[in-house]
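So the structure is just underneath, and the comments pick up after that.
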Amino acid sequence: MYKFGICGHFGGGQEFLDGQTVKTKILTEELKQEFGSTEVKVVDTHGWKKNPINLFKECLFLIKNCENIIVLPAHNGVKVFVPFFVLLNKIFSRKLYYMVIGGWLPSIVDNNIKLRGHVGKFTVVYVETHSMLERLVEQGLNNIKILPNFKRLEIVNENELVYSIGEPYKLCTFSRVMEEKGIEDAIKTVIKINESLGKSAYSLDIYGPIDPGYVERFERLSEKFPEYIVYKGVVDYNKTSKVLKDYFALLFPTHFKTEGVPGTIIDAYSAGVPVIASQWDSVNEIISHELTGIIYDYRKNSELEYLLLQIFENPNKINNMKINCLKKAKQYSTETVIKEFLKYL
């Protein structure tokens, strides 16, 4: 009998850097490190629609042979895997844990009473923020606990902090490259500011996998990039703090209202880099306004432009936040979060 069974997206041997895959892999690595690799059995949901019968057989093996089952379904999989494990558990009576990725679960179960009933049958559902917990409790679920997103990252030392004192001030984005993540807001704003000032006040480096549906548009955009905007590809999830530490600030102009605890912000904090982010449902739990970053309304893109112009006149507004970011990073370390998770068990 295995101690843990984990059902989530591991990527099928391919390199995926999305939040779901990274969180699934990190959780698995931590449990293997804590209990030994022989105590952890995994089922990879990658490409499950091509062979659903085989996957369901693997899930059946998982629940038959593991004491604790942890499920990390993506947005499209929650309506399949949550009811399926609840059904299997009527036979096997294991401890079922649902580890939520992102902030969209309250909206889904609010509109799906049947799914809400299935979610309520899990031993514990771990959500990333207090606002998610409150919404789910209001919907009648009493098995909700908070477990923020987490990463095992090397948090830079205070003496490694990079304080920018001259232009161009280096900005970056560090998430999926797609319109909904506000990438075009960042590009347009940096270009507009530099053109209005008649110099390269800011540079912008873009990191992250390009969303398949956005490749063509992004290629057209990148053909017109001025020299101070560069796409720099993807970075291994365990090397992000080393890459980010040389930046002045990270831009996170997301249009998604249901972000949870974005991994990119944990990356930035670990590097001592403040975040300039748009408003989403839980943003005030993640970013302490004017202490670890600055929050604005993405629906008013002129606010981002105004903020960056202000910051250009007073860069210490950002530089003074860097040490606060290092302190905040510790809240999202695997040492802190996994310890809490094991305490629940």
Side-chain angles (χ1 to χ4, degrees), residues 155-175 177 181-208 218 221-235 239-254 262 264-279 287-298 300-326 328-329:
I155 300 175
V156 303
N157 296 318
E158 287 184 30
N159 59 9
E160 295 179 273
L161 290 173
V162 177
Y163 294 96
S164 301
I165 56 173
E167 54 200 63
Y169 293 98
K170 295 176 63 177
L171 304 173
C172 67
T173 61
F174 214 81
S175 56
V177 180
K181 285 289 186 180
I183 188 65
E184 293 183 33
D185 294 350
I187 293 167
K188 290 174 184 176
T189 301
V190 169
I191 291 174
K192 188 172 182 181
I193 288 173
N194 286 352
E195 288 181 348
S196 69
L197 295 176
K199 58 182 177 180
S200 296
Y202 289 105
S203 65
L204 175 65
D205 288 342
I206 300 166
Y207 292 91
F218 187 69
L221 286 172
S222 60
E223 288 172 1
K224 299 177 183 178
F225 283 171
E227 61 181 11
Y228 51 79
I229 298 181
V230 180
Y231 174 63
K232 294 213 166 179
V234 298
V235 178
K239 297 178 181 176
T240 52
S241 55
K242 291 181 180 178
V243 172
L244 280 169
K245 70 182 182 66
D246 294 325
Y247 285 92
F248 177 59
L250 179 138
L251 299 183
F252 189 66
T254 183
T264 184
I265 294 181
I266 301 174
D267 294 332
Y269 286 165
S270 298
V273 175
V275 181
I276 300 171
S278 59
Q279 180 87 37
I287 298 174
S288 301
H289 186 61
E290 298 193 340
L291 289 175
T292 62
I294 301 174
I295 303 165
Y296 72 96
D297 186 344
Y298 81 85
K300 302 173 183 175
N301 204 46
S302 58
E303 283 193 19
L304 178 57
E305 181 186 348
Y306 176 71
L307 280 172
L308 288 176
L309 284 169
Q310 274 194 321
I311 290 165
F312 179 72
E313 295 297 326
N314 180 20
N316 282 335
K317 186 179 181 72
I318 291 294
N319 284 329
N320 292 340
M321 297 181 190
K322 285 180 172 284
I323 196 165
N324 298 330
C325 294
L326 295 186
K328 188 82 169 178

Does this structure show an ion pair linking E290 with K317, if we count only N-O contacts that are shorter than 4.0 Å? yes
With a 6.0 Å cut-off on ring centres, are Y296 and Y306 close enough? no
Are any of the side-chain heavy atoms of T173 and I187 separated by less than 4.5 Å? no
Which atoms form the tightest heavy-atom contact between L326 and A271, and what is the distance? CD2-C, 4.2 Å
Roughly how far, to the nearest 0.5 Å, is the CD1 atom of I155 from the NZ atom of K328? 13.0 Å
Separation between CG (N194) and CG (L308), nearest 0.5 Å, reads 10.0 Å
Judged by atom type as modelled, is there a donor-acceptor pair below 3.5 Å linking the side chain of S270 to the main-chain atoms of A329? no
Verdict with reasoning, F218 to Y231, per ring pair (Phe, Tyr, Trp, His ring centres under 6.0 Å): CA-CA 10 Å; F218 187 69; Y231 174 63; 5.4 Å; yes
Between A268 and L244, which heavy-atom pair has the shortest distance, and what is it? N-CD1, 3.8 Å
For the atom pair OG (S278) and CG (D185), what is the distance rounded to the nearest 0.5 Å? 8.0 Å
For T264 and F174, indicate whether the former's side chain and the latter's backbone hold a donor-acceptor pair under 3.5 Å. yes
How are the rings of Y207 and Y247 set relative to one another: parallel (under 30°), tilted (30 to 60°) or perpendicular (over 60°)? perpendicular
Closest non-hydrogen atom pair, S200 against P168: O-CB, 3.1 Å
Atom NZ of K242 with >12 non-hydrogen neighbours under 6.0 angstrom: no
Smallest heavy-atom separation, M321 atom then T292 atom, equals SD-C, 3.9 Å
Are the side chains of I191 and L204 in touch, meaning some heavy atoms are under 4.5 Å apart? no
K192 NZ: over 12 foreign heavy atoms closer than 6.0 Å: no
What's the spacing between F248 CZ and I311 CD1 if we round to 0.5 Å? 6.0 Å
Please give me the minimum heavy-atom distance between P315 and Y169, naming the atom from each residue. CG-OH, 3.3 Å
On a heavy-atom basis, which atom in E167 and which in A201 lie closest, and how many Å separate them? CB-O, 3.9 Å
Show your reasoning for whether side chain to side chain contact (heavy atoms under 4.5 Å, CB included) applies to I206 and F225. CA-CA 11 Å; I206 300 166; F225 283 171; 4.1 Å; yes
May I ask you to decide if V162's main-chain N or O and D246's side chain share a donor-acceptor pair within less than 3.5 Å? no
Taking atom CD as the centre, does E158 end up with more than 12 heavy-atom neighbours from other residues, nucleotides or ligands that are less than 6.0 angstrom away? no
Which value, rounded to the nearest 0.5 Å, describes the distance between I265 atom CD1 and L250 atom CG? 7.5 Å
With rounding to the nearest 0.5 angstrom, report the CD1 to CZ distance, I295 to F252. 12.0 Å
Non-hydrogen side-chain atoms of V275 and Y269 separated by less than 4.5 Å: yes
When you measure from the side chain of N319 to the backbone of S164, do you find a donor-acceptor pair of N or O atoms at a distance under 3.5 Å? yes
Can you tell if the side chain of D267 reaches within under 4.5 Å of the side chain of V235, non-hydrogen atoms only? no
